[in-house]
*Asks:* 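Handing you a structure now.
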Amino acid sequence: MQRKILVTNALPYANGAIHLGHMLELIQTDIWVRFQKQRGHECYLVCADDTHGAPIMLSAEKEGITPEQLINRVYVEHTRDFASFHIGFDNYHTTHSDETRECAEQIYLALKANGLIDVRTIEQYFDPIKLMFLPDRFIKGECPKCGAKDQYGDSCEVCGAAYTPTDLKNAYSAVTGAKPELRSSEHYFFKLSDPRCQEFLQTWTREPGRLQAEASNKMQEWLGDPDSNAVAANPLTDWDISRDAPYFGFEIPGAPGKYFYVWLDAPIGYMGSFKHLCNRTGLNFDDFWGAQSTAELYHFIGKYILYFHALFFPATLQFSGHRTPTKVFAHGFLTVDGAKMSKSRGTFITAESYINTGLNPEWLRYYFAAKLNGSIEDIDLNLEDFAQRVNSDLIGKYINIASRAAGFIAKRFGGALLGIEDKQFRADLPGIIEAADEIAANFEVRDTARAVRRIMALADTVNQYVDKNQPWTLAKDSTKDAQLHHVCTTLINAFRLLTIYLKPVLPMLAANAEAFLNVATLQWSDAGALLPAAHVIKSYAHLMQRIDPKQIEALIAANVHSLEATATVTAAVAAPTPVSLEPEIMITDFTKVDLRIARILDAQHVVGADKLIQLTLDIGEENPRNVFAGIKSAYDPATLIGRHTVMVANLAPRKMKFGMSEGMVLAASGEGSPGLFLLSPDAGALAGMRVK
RNA sequence: GGUGAUGUAGCUCAGUCGGUUAGAGCAUCGGAUUCAUAAUCCGGGGGUCGGUGGUUCAAGUCCACUCAUCACCA
């Protein structure tokens, strides 16, 4: 039966770069969603940038731009990073949108009509120069417990004490340095202390399957024990959902100068993003969010925001006429080499730096998949282990299978396969077909670590099969052609099955493997059948490069003191040597140049060429273009496959030493400064789009 | 300080309901092989299961305490 599934992952805050901690969650979510789609289910992944709040407002001000300008810029950066790691969002939106505003207002008004909104006056620190109330994080002072200086308003980094800003000694505003004043103001509260909320959450958080066991335990701490006769030891307090102007966010209906707190509209951003998708595609919003919805709804989050997703958000949904999440999936933190990510050690690794250093995003996808098991345990990225494991598993075990068989199939049998009986295959390589259900079950419960272990164990048995049958020996005896053909066909079929199993984790590699196998997009159900007799496969080209430990070193180097590095680059760019421009042209001259977005289908070294890389480019034509590009000094072909760039599509074909070049790709370079930089369109651009 | 987790080989991790001699991959060592990008196969070495105490015929597994790490809360 086809399931109807909506998935979200936590909204990244629009105030900083995407780093590998974000990628852990994005990759986990993407693998799960790709798996569901591959299984034939109706499944959507939506997310958005979280754009509201004081930090955004103040950051923008510091840069001398509007919050809108800031979040627009960050949106471009974020979506670029997601695309480069193959995160397949069905919609990536922003919380600063009409859709999110509509949802937030509707929810607020419904809660209000339900008697769950309370207004009361509270006292808060106020910056007398900036004329704004200060969030806890923007008040600093001396720790009331240990006396450490320059501590934030919520907790002390030196002694670990937690307190409120008013406890700080010699408090000052982190924005202006002024001494903050206590001022009172009316705030709006969501009445979580209402018995209806308490009762609902006590039941909801304990329902089997809603939360992971560890998460459910943790929630009981906040909710108190419903089985005890005493009043819950730790009853929920009402949740302050308003902030005073100036605040970058949505004004609360009927409350001039009051804005929704960013954490109210952030999860509602899931709904806003989905609504945007509905408006685009005609999906029915209420089928997924209405109180009567029978669709499945899942939120992937980090464990540190369980509080919001397992308590506040379900309660706001429940009492505003919506359905609640089917399940909330929390994951742990990412550490690098056993420690918190650190900017000074270079382990605070941004997604952008990972890609720019030339590392393949699927290496990271595989490594994370190999470690994620669906629990909320922390995950460590051990860089040495990362290189060894990816090289050994993916290249040594899995890809090697195709590589070992393909040569014989091409040279001896013209690329054509033998027909293999299902029964025969199961006898030759027991377990490979049979494992499909078990591996699927592992993916379903997000135990990708177990799935990967199982798949690699299968790859081991395939390599043992090669060793046992020694195709290279068979190849020397002309009477054993049929046997050789059988062995190699079995191997290609095994490779195809493993590709099906790995596809959620390695979508680009799988796409390239599909091209090699000359098959249509592989669905999970394709594991039920082998390739037919006389099926012809394409010639084999290496599907993935090994990790060179030097690349890891370069990655760390690129992230050490990343702030200074950025500053240096900016300075270098700011002082270019004066350039002499080409003679002025008219627009008609320019439009003669037909620039197109090209997707790099394949990139290969050119034997005998010092500077060239051979590119296969898709610009939406029937046949892909063959283009030679002089970018070998700056790019590793393997890292180019799958990315988009810009090409001159109407350049006269030119015969080169190594073949016909049907266009050129564009790259930036500077006189005297090293480096060569291919152009990339922002996320969303499709192969064949005109650039003008 | 309280609560929730985690701790198993050099590294990364399995270990179900308590049940033979605690497993795998990688790394390392020895051998084989040459189809494959030095890839692959066979074999060896390597562990007081963080520590202490308990329950039990039997504990990596259950209980108590304790140490270390992480998070949340006060």
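Quick note: numbers below take in every heavy atom, side chains included, and nothing from hydrogens, waters or symmetry partners. If you're wondering where the values come from, they're calculated on a predicted model, not measured in any experiment. Residue numbers begin at 1 in each chain, while the letters A, B, ... track the order of the sequences.
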*Asks:* Nearest whole Å is fine: how far is U34(B) C1' from Arg404(A) CZ?
*Replies:*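 Value for this atom pair: 9 Å.
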*Asks:* Mind checking the C1' distance from U34(B) to A39(B)? Whole angstroms is fine.
*Replies:*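 The same atom, C1', in both gives a distance of 10 Å.
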*Asks:* Watson-Crick or G-U wobble partner for A64(B), using a 3.5 Å limit on both distances?
*Replies:*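 WC or wobble partner is U52(B).
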*Asks:* Look at the rings of Phe313(A) and His309(A) and say which category their plane angle falls in: under 30° parallel, 30 to 60° tilted, over 60° perpendicular.
*Replies:*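 Judged by the thresholds at 30° and 60°, the geometry between Phe313(A) and His309(A) is perpendicular.
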*Asks:* Below 3.5 Å is the cut-off: list the nitrogen or oxygen pairs between protein and nucleotides 27-29 of chain B, distance only.
*Replies:*
none

*Asks:* Measure the shortest side-chain to side-chain distance between Ile241(A) and Phe312(A) over non-hydrogen atoms and say whether it is less than 4.5 angstrom.
*Replies:*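 Counting from C-beta outward, Ile241(A) and Phe312(A) never come under 4.5 Å.
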*Asks:* Quick one: which of A5(B), C42(B), U12(B) gets closest to the side chain of Tyr367(A)?
*Replies:*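 Of A5(B), C42(B), U12(B), U12(B) is nearest to the side chain of Tyr367(A).
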*Asks:* Among C11(B), C70(B), G25(B), which nucleotide has an atom closest to any side-chain atom of Asp378(A)?
*Replies:*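 For Asp378(A), the side-chain atoms sit closest to C70(B).
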*Asks:* Could you state the CG-C1' distance from Asp337(A) to U12(B), rounded to the nearest angstrom?
*Replies:*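 That distance rounds to 12 Å.
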*Asks:* A14(B), C70(B), U40(B): which one has an atom nearest the side-chain heavy atoms of Asn373(A)?
*Replies:*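 When the side chain of Asn373(A) is considered, A14(B) is the closest of A14(B), C70(B), U40(B).
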*Asks:* Any strand is fair game: report the nucleotide pairing with G19(B) by Watson-Crick or G-U wobble, both distances under 3.5 Å, or none.
*Replies:*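 Its partner is C57(B) (Watson-Crick or G-U wobble, both distances under 3.5 Å).
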*Asks:* Which label fits Phe189(A) and His187(A): parallel for a plane angle under 30°, tilted from 30 to 60°, or perpendicular past 60°?
*Replies:*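 Plane angle between 30° and 60°, so tilted.
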*Asks:* Which value, in whole Å, describes the distance between the P atoms of nucleotides G4(B) and U66(B)?
*Replies:*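 Their P atoms lie roughly 14 Å apart.
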*Asks:* Using atom CD1 of Ile547(A) as one end and atom C1' of U12(B) as the other, report the distance to the nearest whole Å.
*Replies:*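 In whole Å, U12(B) C1' lies 14 Å from Ile547(A) CD1.
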*Asks:* To the closest 0.5 Å, what do you measure between CG (Asp380(A)) and CZ (Phe333(A))?
*Replies:*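 It comes to 14.0 Å.
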*Asks:* On a whole-Å scale, what distance lies between the C1' atoms belonging to C67(B) and C29(B)?
*Replies:*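 Their C1' atoms lie roughly 36 Å apart.
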*Asks:* From the options C35(B), G25(B), A71(B), select the nucleotide whose nearest atom is closest to the side chain of Phe333(A).
*Replies:*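 Closest of the options to the side chain of Phe333(A): A71(B).
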*Asks:* Do the side chains of Met456(A) and Leu502(A) get nearer than 4.5 Å, heavy atoms only?
*Replies:*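 Result yes, sub-4.5 Å side-chain heavy-atom pair found.
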*Asks:* Distance check, C1' atoms only: C42(B) and G18(B), in whole angstrom units.
*Replies:*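 Roughly 36 Å separates the two C1' atoms.
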*Asks:* Taking the six-membered ring for Trp, are Trp32(A) and Tyr298(A) parallel (under 30°), tilted (30 to 60°) or perpendicular (over 60°)?
*Replies:*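 The arrangement is perpendicular - the two ring planes meet at more than 60°.
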*Asks:* Hey, which of these two, Ala449(A) or Asp460(A), hits RNA chain B nearer its 5' end, going by closest nucleotide?
*Replies:*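 The residue mapped nearer the 5' terminus is Ala449(A).
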*Asks:* Among U6(B), A39(B), C41(B), which nucleotide sits nearest the side chain of Glu377(A)?
*Replies:*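 Between U6(B), A39(B), C41(B), the one nearest the side chain of Glu377(A) would be U6(B).
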*Asks:* Could you go through residues 425-445 of chain A and list every donor-acceptor pair under 3.5 Å that involves a side-chain atom there, pairing it with any protein atom two or more places apart or in another chain?
*Replies:*
from: Arg426(A); atom 1: NE; to: Asp422(A); atom 2: OD2; distance (Å): 2.5
from: Asp428(A); atom 1: OD1; to: Gln424(A); atom 2: NE2; distance (Å): 3.2
from: Asp428(A); atom 1: OD2; to: Gln424(A); atom 2: NE2; distance (Å): 3.3
from: Asp428(A); atom 1: OD2; to: His486(A); atom 2: NE2; distance (Å): 2.8
from: Glu434(A); atom 1: OE1; to: Gly431(A); atom 2: N; distance (Å): 3.0
from: Glu434(A); atom 1: OE1; to: Ile432(A); atom 2: N; distance (Å): 3.4
from: Glu438(A); atom 1: OE1; to: Arg454(A); atom 2: NE; distance (Å): 3.2
from: Glu438(A); atom 1: OE2; to: Arg454(A); atom 2: NE; distance (Å): 2.9
from: Asn442(A); atom 1: ND2; to: Glu438(A); atom 2: O; distance (Å): 3.4
from: Glu444(A); atom 1: OE1; to: Arg3(A); atom 2: NH1; distance (Å): 3.2
from: Glu444(A); atom 1: OE1; to: Gln36(A); atom 2: NE2; distance (Å): 2.9
from: Glu444(A); atom 1: OE2; to: Arg3(A); atom 2: NH1; distance (Å): 3.4
from: Glu444(A); atom 1: OE2; to: Arg3(A); atom 2: NH2; distance (Å): 3.2

*Asks:* Suppose you measure atom C1' in A9(B) against the same atom in A32(B); what distance do you get, rounded to whole Å?
*Replies:*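 Comparing C1' positions in A9(B) and A32(B) gives a spacing of 26 Å.
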*Asks:* When you get a sec, tell me which of A36(B), U40(B), C35(B) is the closest nucleotide to the side chain of Trp472(A)?
*Replies:*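 Selected nucleotide: C35(B).
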*Asks:* U6(B) C1' sits how many Å from Lys371(A) NZ, rounded?
*Replies:*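 Rounded to whole Å, this separation is 14 Å.
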*Asks:* For Phe308(A) and C72(B), what is the distance between atoms CZ and C1' respectively, to the nearest whole Å?
*Replies:*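 Distance check: Phe308(A) CZ to C72(B) C1' gives 12 Å.
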*Asks:* Taking CD1 from Ile395(A) and P from C26(B), how many angstroms apart are they, rounded to a whole number?
*Replies:*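 Roughly 14 Å, once rounded to whole Å.
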*Asks:* Across all strands shown, which nucleotide pairs with A5(B) by Watson-Crick or G-U wobble geometry, both distances under 3.5 Å?
*Replies:*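 Looking at the geometry, A5(B) pairs with U69(B).
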*Asks:* Would you please confirm or rule out a distance under 4.0 Å between OP1 or OP2 of U12(B) and any side-chain N or O of Asn382(A)?
*Replies:*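 For Asn382(A), the contact criterion (side-chain N or O under 4.0 Å from OP1 or OP2 of U12(B)) is met.
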*Asks:* How many angstroms lie between atom CD of Glu123(A) and atom CG of Leu182(A), to the nearest 0.5 angstrom?
*Replies:*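 Separation between the atoms: 5.0 Å.
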*Asks:* Pairing check on A24(B): which nucleotide meets the Watson-Crick or G-U wobble criteria with it, both distances under 3.5 Å?
*Replies:*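 Across all strands, the one nucleotide that pairs with A24(B) is U12(B).
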*Asks:* Considering every strand and a 4.0 Å limit on heavy-atom distances, what is the contact class for Gly407(A): base, sugar-phosphate, or nothing?
*Replies:*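 Result for Gly407(A) = nothing.
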*Asks:* Tell which nucleotide pairs with G43(B), taking only Watson-Crick or G-U wobble pairs whose two distances are both under 3.5 angstrom.
*Replies:*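 Its partner is C29(B).
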*Asks:* Would you indicate what Lys468(A) reaches in the nucleic acid, counting non-hydrogen atoms under 4.0 angstrom: base, sugar-phosphate, or nothing?
*Replies:*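 The answer is nothing, as Lys468(A) stays clear of every strand by at least 4.0 Å.
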*Asks:* For the side chain of Asp393(A), starting at C-beta, report the closest nucleotide among G25(B), U37(B), A14(B).
*Replies:*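 My answer, after comparing the listed nucleotides, is G25(B).
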*Asks:* Now, which nucleotide makes the Watson-Crick or G-U wobble pair with U37(B), with each of the two distances under 3.5 Å?
*Replies:*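 Answer to the pairing question: none, since U37(B) forms no Watson-Crick or G-U pair.
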*Asks:* Checking contacts here: which listed nucleotide (G15(B), U37(B), C26(B)) is nearest the side-chain heavy atoms of Arg450(A)?
*Replies:*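 Of the candidates, G15(B) comes closest.
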*Asks:* In Å, rounded to the nearest 0.5 Å, how long is the span from CG of Leu381(A) to OH of Tyr367(A)?
*Replies:*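 Leu381(A) CG to Tyr367(A) OH: 6.0 Å, rounded to 0.5 Å.
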*Asks:* Suppose you measure atom P in A64(B) against the same atom in G23(B); what distance do you get, rounded to whole Å?
*Replies:*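 So the two P atoms sit 29 Å from each other.
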*Asks:* Side chains of Asp477(A) and Thr473(A): does their closest heavy-atom pair fall under 4.5 Å?
*Replies:*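 In short, these two side chains do not touch, never coming nearer than 4.5 Å.
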*Asks:* Write down the distance between NE2 (His542(A)) and P (U37(B)), rounded to a whole number of angstrom.
*Replies:*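 Going from NE2 in His542(A) over to P in U37(B) covers 4 Å.
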*Asks:* So which one's nearest nucleotide on RNA chain B is more toward 5', Ala370(A) or Pro471(A)?
*Replies:*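 Checking each residue's closest nucleotide, the 5'-ward one belongs to Ala370(A).
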*Asks:* Whether Gln470(A) contacts C41(B) is assessed here as follows: a side-chain N or O lying under 4.0 Å from the phosphate OP1 or OP2. Is that the case?
*Replies:*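 Answer is no, no contact under 4.0 Å.
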*Asks:* Give the rounded distance in Å between these two atoms: CG of Leu306(A) and P of C73(B).
*Replies:*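 Atom CG in Leu306(A) sits about 11 Å away from atom P in C73(B).
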*Asks:* What contact category does Glu384(A) fall into here, base, sugar-phosphate, or nothing, at under 4.0 angstrom with non-hydrogen atoms?
*Replies:*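 Nothing, no nucleic acid heavy atom in range.
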*Asks:* If the C1' atom of G30(B) is compared with that of G46(B), how far apart are they to the nearest Å?
*Replies:*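 Each nucleotide's C1' atom is 15 Å from the other's.
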*Asks:* When the C1' atoms of A71(B) and U55(B) are compared, how many Å lie between them, rounded to an integer?
*Replies:*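 So the two C1' atoms sit 32 Å from each other.
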